[in-house]
Amino acid sequence: MNAPDYRPTVFLPKTDFPMKAGLPEREPQILAKWQAADLYAQLREARAGRPKFIFHDGPPYANGDMHIGHALNHILKDAVVRTQTLMGKDAPYIPGWDCHGLPIEWKVEEAYRAKKQNKDDVPAVEFRAECRAYAQHWVNVQRDQLKRLGISANWEKPYLTMDFQAEATIVSELLKFAESGQLYRGAKPVMWSPVEKTALADAEVEYHDITSTQIDVAFEITEAPNAPELVGAHAVIWTTTPWTTPVNQGIAYGPEVTYQLCRTQDGHRILIAAPLVEAVSARIGSALTVEQDVAASALAGAVVRHPMHQLGDFFARPRPFLPGDFVTTDAGTGLVHMAPDHGEDDFALCKAHGINPVFAVEGDGRYRADWLWLGGESKNVINPTLNAPDGPICNDLRAAGALLSAEPFAHSYPHSWRSKKKVIFRCTPQWFVPMDQGEHTLRQKAVAAIAATQFTPDKGRNRIGAMVEGRPDWVLSRQRAWGVPITLFVDRKSGDYLVDKTINEKIIARFREQGVDAWTPEFAAELLGDKVDQYEQITDILDVWFDSGCTHAFVLESGRWPEMQWPADLYLEGSDQHRGWFQSSLLESCGTRGRAPYNAILTHGFTMDASGRKMSKSEGNTVNPLDVMKTYGADILRLWALSVDFTEDHRIGDEILKGVADHYRKLRNTFRYLLGALEGWSEEERLPVDQMPALERWVMHRLSVISDELKAAAVAYDFNRYTSLITDFVQNDLSAFAMDVRKDSLYCDAPTAPARRAWRTVLDLTFHALTRWLAPVMVFTAEEVWGTRHPDSGSVHLLEWPEIDADWQDAVLDKQFMLARKLREEVYLKLEELRRAKTVGSFLEASVTITTTHADRIAALAGIDLAELLLVADVSLTHADTESLTVEKADLAKCARCWRHLPDVKPETELCGRCDAVVNG
RNA sequence: GGGCCGGUAGCUCAGGGGUUAGAGCACACGCUUGAUAAGCGUGGGGUCGAAGGUUCAAAUCCUUCUCGGCCCA
């Protein structure tokens, strides 16, 4: 006989909330609602007067589409701001962009080239206007893309470093350095194109294979306090740029290198590195006899003289041996000739020993007219004939008896991207901020500020600390057009820059009105009056790192965003910013305010491809966040970013995203079940805590414990822990256990039954907790879920941390359930055998008999309905002399409505007592 | 080449001297067909990047190597 169909009498979950998310279509609709309601403004209002959490957004460069690094970075920022907001803080988010600088300048130039136009023919004002328009275009593009990610920020009023107000702030900050005497004009070797007569950036240089002249040059040793026998011998240097020999000022040796004194066939004694004796012998065409080893330490304090010393003055000065870590024995002689004007290593080593550049080569690449050797030579230094074996340099050296070899040499050499001509390193005047000036130096202040800053992860402290301790003075100047000018006037006679507060205020005021275009000769004349000819108006612009170093002043302090405060609680960027923004902000703020502009720094690693390799367009292994959003949705990308260990490098790829999408589905389905299970809920149904059965109290205990753990994770910015706490709770405690156990009550108990009301009360608490906890992660889905149940109560994002009582925590109860769940596992192991033997299908058909020697366990489980918890027909747990666990098919009738196998099933209705009462009573 | 950092199941992550290294997902098999393009259960899967060393005992501490990353040269 067929059982009656009781399905219509069962209270199954009911909801319109779709299982399939359709995020790519749904998310933009939710976004539009937020925008229409101005959710960001609502948030500010909702949190007004609350303790503030000041996050300061680092400005991405306004160039190109959002890439995966931007996406990760902004999702993390958003998660910080949203979790802080959830915890009740007033956490404003002012997004910003870095708008000046070479890459933009370059793009605009590129457009000129395409039109066969020359940048130099375009008025500077016009050129800058185009740069400004270009930057604004990408700001708009990136802003839309970041909005689509669900980032909650003040998109109506972002900060741009090219705003006139920002440009005025940057000038004002620069002048603070000037007024406090923290600027000086020094020199530094830069890539220089003698053809274009301009400095070049690294990005403007390309390498080509060319043939140069390599020469070996002998310098006579005149003093050697640690090895007197060397006096009269010759130290041999090797170079592929003969034109630098007229500017030589010393010789570098490797402190770890062993040298040898060798005798040539014609009886000269020369000093070279031991591993290079053969190579040198071949080059100079003479057998070499090693006379003695010379330790590097013997060279300390030794001195040579220049082959052209007879010219006097500069050339007559002694040239010291200097220890240089960069000296290798890969090629050459193991002794490196030092021309501080023309090499970075040379410059740094000589500077450390008080030897300064001499500026012998001018902008057009020719030796200056008064230079004693080759002054007035018409060829510039990159001219091959000047450097050739039969050219003037080699000829003079040969005549002086110093040229041991001169041959062609093929190598890769930097060229100008624009003119394709060779470039040189050349010292040029630059503006610096000194790191070690005064009693309380900038370096000391910065080091102290680092010690006072909180780092997440803490290793960041190490990294920036090592950099700050070792870094050279800060070079502020660039010889460029698109940027904030260094607004200084230099006295042509004294070389000092003008410090005049009144003038400086006028400069700042003018910049507020006109921005960087204010810095014209006309303005200089207006400021200086008849003294204008006495001063040189500086036309260099500021390194964009200085711009970004000033964002704290503009955004936190200027009052343009009244919701902000100085200093920031947090800066959050990729670990590359230890050298970048973290440091520029630190130095700028220490120089002007004596402390860092932030209390804490959070860094993230880089996103690699699926196999852990760096993404690059040429490798074709990039993952485009815009595509991910189109395919999966922003919430998937967010869940990904907040699931990985972002403090290290981490990966993204198809398999990973599919895994994230699976996690998402689990969470979504749980919400769907909650919504269905809570259908028709009304507040009258709520049951007081003291009437809750044990399982309900245990779930509340778990909610309370997890609430604490989640808060701790959010405060520590440990989002990967935050999300896994939630998914583990949903998967293990709810889905696989409590929800499974309580299906019977939810589906079959009478709606008024206290047991069912208790469970629905807990489901309601769980719903409120989960929607809010997940709101900072799955921003769109949380809103969709919330709106499905509470369509008229505003955004989920306005809500605060769920009210969960610490009193719900119950260690005894937790132990009890740990034991019960352990037992459940053991029983299921046995039941699976029964099932494989086809004795039972559903575990509801099984009967469990347990004996144990542990009376304490029986006592601990007293008051818990084990049959209910294990979803079996019945459980007998008794004390005995042996441990045993047997399972068998229960000899009980099945209730046709609740499917449980029970003793009180009436054959005529096939209903158990409970179900009979619900259906017929 | 230098500074800093990392490598635990197919994937995302726990564990940071002490039983047989864990979780979730994925996979396989099964149950259910009343969360159903869902839910539940069981299972297989790891020389903890490699090699040395310290120790009674190493995924864990040390050294070297290797692979990868960021920043510099």
Side-chain angles (χ1 to χ4, degrees), chain A residues 5-15 17-20 325-326 328 330 344-345 348 457 459-467 469-471 574-580 583 603-615 639-640 642-645 647-666 668-677 718 720-721 723-732 735-737 739-741 743-744 746-748 824-825 827-838 840-845 871 897-899:
Chain A
D5 181 12
Y6 289 110
R7 196 174 195 274
T9 72
V10 175
F11 309 107
L12 296 176
K14 208 170 106 189
T15 178
F17 187 80
M19 189 179 286
K20 187 169 160 40
D325 291 331
F326 53 85
T328 67
D330 297 342
E344 286 187 290
D345 286 336
K459 62 196 174 202
R461 181 193 311 282
N462 232 346
R463 189 159 174 191
I464 193 171
M467 287 180 189
E469 276 166 31
R471 68 159 296 150
S575 60
D576 56 334
Q577 296 305 323
H578 286 113
R579 179 159 291 277
Q583 202 175 142
T603 49
H604 57 79
F606 281 71
T607 305
M608 302 294 132
D609 75 359
S611 59
R613 286 174 190 274
K614 160 206 200 105
M615 290 185 192
L639 190 54
W640 163 78
L642 299 172
S643 303
V644 297
D645 181 0
T647 64
E648 296 292 343
D649 291 347
H650 46 269
R651 306 173 182 202
I652 194 167
D654 280 340
E655 189 187 4
I656 294 165
L657 284 168
K658 282 200 182 95
V660 174
D662 283 332
H663 272 119
Y664 173 85
R665 256 195 297 277
K666 180 73 201 181
R668 184 176 180 90
N669 269 316
T670 303
F671 277 127
R672 182 163 181 268
Y673 184 74
L674 282 169
L675 288 167
D718 192 349
N720 136 37
R721 178 167 165 73
T723 54
S724 63
L725 275 168
I726 295 174
T727 43
D728 285 357
F729 172 66
V730 164
Q731 179 63 37
N732 300 330
S735 187
F737 184 55
M739 283 175 167
D740 210 27
V741 169
K743 273 182 192 170
D744 177 71
L746 183 70
Y747 296 173
C748 300
R824 191 172 132 116
E825 264 177 46
V827 170
Y828 279 10
L829 225 57
K830 281 278 188 187
L831 282 171
E832 191 63 28
E833 289 171 21
L834 216 59
R835 180 184 272 168
R836 283 187 191 274
K838 303 280 181 201
V840 297
S842 162
F843 290 171
L844 281 170
E845 298 169 34
L871 292 163
R897 181 166 175 271
C898 69
W899 299 343

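Naming: A, B, ... by sequence-line order, numbering from 1 per chain.
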S.K.: Please determine, for the side chain of A:Asp662, which listed nucleotide (B:rC25, B:rG34, B:rC40) has the closest atom?
M.R.: B:rC25
S.K.: Quick one: label A:Lys838 by what it contacts on the DNA or RNA (base, sugar-phosphate, nothing), any heavy atom closer than 4.0 Å.
M.R.: sugar-phosphate
S.K.: With a 3.5 angstrom cut-off on both distances, give the Watson-Crick or G-U wobble partner of B:rC31, or none if there isn't one.
M.R.: B:rG39
S.K.: Please determine, for B:rG24, whether a Watson-Crick or G-U wobble partner exists with both distances under 3.5 Å, and give it or none.
M.R.: B:rC11
S.K.: Heavy atoms only, 4.0 Å cut-off, all strands: where does A:Gly612 land among base, sugar-phosphate and nothing?
M.R.: sugar-phosphate
S.K.: Take nucleotides 42-48 of chain B nucleotide by nucleotide from the 5' end and write B, S or -, depending on whether a protein heavy atom sits under 4.0 Å from the base, only from the sugar-phosphate, or from neither.
M.R.: BS-----
S.K.: With nearest nucleotides of RNA chain B determined for A:Pro13 and A:Asn462 from heavy-atom distances, which residue corresponds to the more 5′ nucleotide?
M.R.: A:Asn462
S.K.: A:Asn732 side chain N/O closer than 4.0 Å to the phosphate oxygens (OP1, OP2) of B:rG24?
M.R.: yes
S.K.: Could you tell me which residues satisfy ring-ring contact (aromatic ring centres under 6.0 Å, His included) with A:Phe606, sequence neighbours excluded, listed by chain and number?
M.R.: none
S.K.: Run the salt bridge (charged side-chain N to carboxylate O under 4.0 Å, His left out) test against A:Asp662 and tell me which residues pass, sequence neighbours left out.
M.R.: A:Arg665
S.K.: Between B:rC4 and B:rA38, how many Å separate the two C1' atoms, rounded to a whole number?
M.R.: 48 Å
S.K.: Taking the same atom, P, in B:rG41 and in B:rA23, what whole-Å distance lies between them?
M.R.: 13 Å
S.K.: Please report the distance, rounded to the nearest Å, between CG in A:Asp649 and P in B:rG7.
M.R.: 11 Å
S.K.: Short of 4.0 Å, heavy atom to strand atom, which residues of residues 650-658 of chain A count as contacting RNA chain B?
M.R.: A:Arg651, A:Glu655, A:Ile656
S.K.: Given B:rU36, B:rC67, B:rC25, identify the nucleotide with an atom nearest to the side chain of A:Arg672.
M.R.: B:rU36
S.K.: Let me know the distance between CE of A:Met467 and P of B:rA73, rounded to the nearest Å.
M.R.: 11 Å
S.K.: Say you pick atom C1' in B:rG18 and the same atom in B:rU32; how far apart are they, in whole Å?
M.R.: 44 Å
S.K.: What residues form a side chain to side chain donor-acceptor pair (under 3.5 Å) with A:Ser643, not counting sequence neighbours?
M.R.: none
S.K.: State which residues pass side chain to side chain donor-acceptor pair (under 3.5 Å) with A:His604; sequence neighbours excluded, sorted by chain then number.
M.R.: A:Asn73
S.K.: I want to check one thing: is the phosphate of B:rA35, taken as OP1 and OP2, less than 4.0 Å away from some side-chain N or O of A:Tyr747?
M.R.: yes
S.K.: Above 12 or not: heavy atoms from other molecules or residues under 6.0 Å from NZ of A:Lys666?
M.R.: yes
S.K.: Checking base pairs now: Watson-Crick or wobble, both atom distances under 3.5 Å. What partners B:rG6?
M.R.: B:rC67
S.K.: Who is the Watson-Crick or G-U wobble partner of B:rU19, with both distances under 3.5 Å?
M.R.: none
S.K.: Measure the distance from CZ on A:Phe671 to C1' on B:rA35 and round it to the nearest whole Å.
M.R.: 15 Å
S.K.: Throw together a table of side-chain donor-acceptor distances under 3.5 angstrom for residues 607-614 of chain A, partners on residues two or more places apart or in other chains.
M.R.:
unit_1	atom_1	unit_2	atom_2	d
A:Thr607	OG1	A:His650	NE2	2.8
A:Asp609	OD1	A:Ser611	N	2.9
A:Asp609	OD1	A:Ser611	OG	3.1
A:Asp609	OD1	A:Gly612	N	3.1
A:Asp609	OD1	A:Arg613	N	2.9
A:Asp609	OD2	A:Asn621	ND2	2.9

S.K.: Base, sugar-phosphate or nothing for A:Ser842? Non-hydrogen atoms, less than 4.0 Å.
M.R.: sugar-phosphate
S.K.: Would one find a side-chain N or O of A:Lys459 under 4.0 angstrom from OP1 or OP2 of B:rG69?
M.R.: no
S.K.: Using atom P in both nucleotides, what's the gap between B:rU36 and B:rG30 to the nearest angstrom?
M.R.: 23 Å
S.K.: So, is A:Arg7 close to the B:rU33 phosphate, meaning a side-chain N or O under 4.0 Å from OP1 or OP2?
M.R.: no
S.K.: Mind checking A:Asn720 for me? I need base, sugar-phosphate or nothing, with any heavy atom below 4.0 Å counting as a touch.
M.R.: sugar-phosphate
S.K.: Would you indicate what A:Val10 reaches in the nucleic acid, counting non-hydrogen atoms under 4.0 angstrom: base, sugar-phosphate, or nothing?
M.R.: base
S.K.: Quantified in whole Å, what is the P atom distance between nucleotide B:rA73 and nucleotide B:rU66?
M.R.: 24 Å
S.K.: Base, sugar-phosphate, or nothing: which does A:Arg579 touch, judged by heavy atoms less than 4.0 Å apart?
M.R.: sugar-phosphate
S.K.: Assign A:Trp640 to base, sugar-phosphate, or nothing according to its heavy-atom contacts below 4.0 angstrom with the strands shown.
M.R.: nothing
S.K.: Looking at every non-hydrogen atom in both residues, tell me the closest pair between A:His578 and A:Gln583 and how far apart they are.
M.R.: O-NE2, 3.0 Å
S.K.: Between A:Gln731 and B:rA23, does any side-chain N or O lie under 4.0 Å from OP1 or OP2?
M.R.: no
S.K.: With a 3.5 Å cut-off and just heavy-atom distances, do the side chain of A:Ser735 and the base of B:rA35 make a donor-acceptor pair?
M.R.: yes
S.K.: To check you understand the geometry: which heavy-atom pair defines the closest contact between A:Val741 and A:Leu871, and what is its length?
M.R.: CA-CD2, 4.1 Å
S.K.: Give the intermediate values and the outcome of side chain to side chain contact (heavy atoms under 4.5 Å, CB included) for residues A:Trp899 and A:Val10.
M.R.: CA-CA 11 Å; A:Trp899 299 343; A:Val10 175; over 6 Å; no
S.K.: Between B:rA14, B:rG24, B:rC4, which one does the side chain of A:Arg463 approach most closely?
M.R.: B:rC4
S.K.: Counting any heavy atom closer than 4.0 Å, what does A:Arg665 reach on the DNA or RNA strands: base, sugar-phosphate only, or nothing?
M.R.: nothing
S.K.: Examine B:rA35: is either OP1 or OP2 under 4.0 Å from a nitrogen or oxygen in the side chain of A:Lys743? Give yes or no.
M.R.: yes
S.K.: Is A:Arg897 touching bases, backbone alone, or none of the nucleic acid, heavy atoms closer than 4.0 Å?
M.R.: base
S.K.: Quick check for you: among B:rG39, B:rG34, B:rA35, whose closest atom lies nearest to any side-chain atom of A:Cys748?
M.R.: B:rG34
S.K.: Does B:rG45 have a Watson-Crick or wobble partner in any strand here, with both distances under 3.5 angstrom, and which is it?
M.R.: none
S.K.: Distance check, C1' atoms only: B:rA14 and B:rA51, in whole angstrom units.
M.R.: 27 Å
S.K.: Does the structure show A:Phe843 stacking with B:rG41, if we require the centres to be closer than 5.5 Å and the planes to be within less than 30 degrees of parallel?
M.R.: no
S.K.: Which residues satisfy the ring-ring contact (aromatic ring centres under 6.0 Å, His included) test with A:Phe843, sequence neighbours excluded?
M.R.: A:Tyr828
S.K.: Does the distance from a Lys or Arg side-chain N to an Asp or Glu carboxylate O, for A:Asp740 and A:Lys743, drop under 4.0 Å?
M.R.: yes
S.K.: Quick one: list whatever passes side chain to side chain donor-acceptor pair (under 3.5 Å) with A:Arg835, sequence neighbours left out.
M.R.: A:Glu832
S.K.: Taking all atoms of both residues into account, what is the closest heavy-atom pair of A:Thr723 and A:Leu642, and its distance?
M.R.: OG1-O, 3.0 Å
S.K.: Between A:Ser643 and A:Arg835, which residue's closest nucleotide on RNA chain B lies nearer the 5′ terminus?
M.R.: A:Ser643
S.K.: Between B:rC11 atom P and A:Met608 atom CE, what is the distance in whole Å?
M.R.: 17 Å
S.K.: How far does the P atom of B:rA21 sit from the matching atom of B:rC48, given to the nearest Å?
M.R.: 10 Å
S.K.: Could you measure between the two P atoms, the one in B:rC72 and the one in B:rA50, and give it in whole Å?
M.R.: 33 Å
S.K.: Between B:rG24 atom P and A:Leu639 atom CG, what is the distance in whole Å?
M.R.: 17 Å
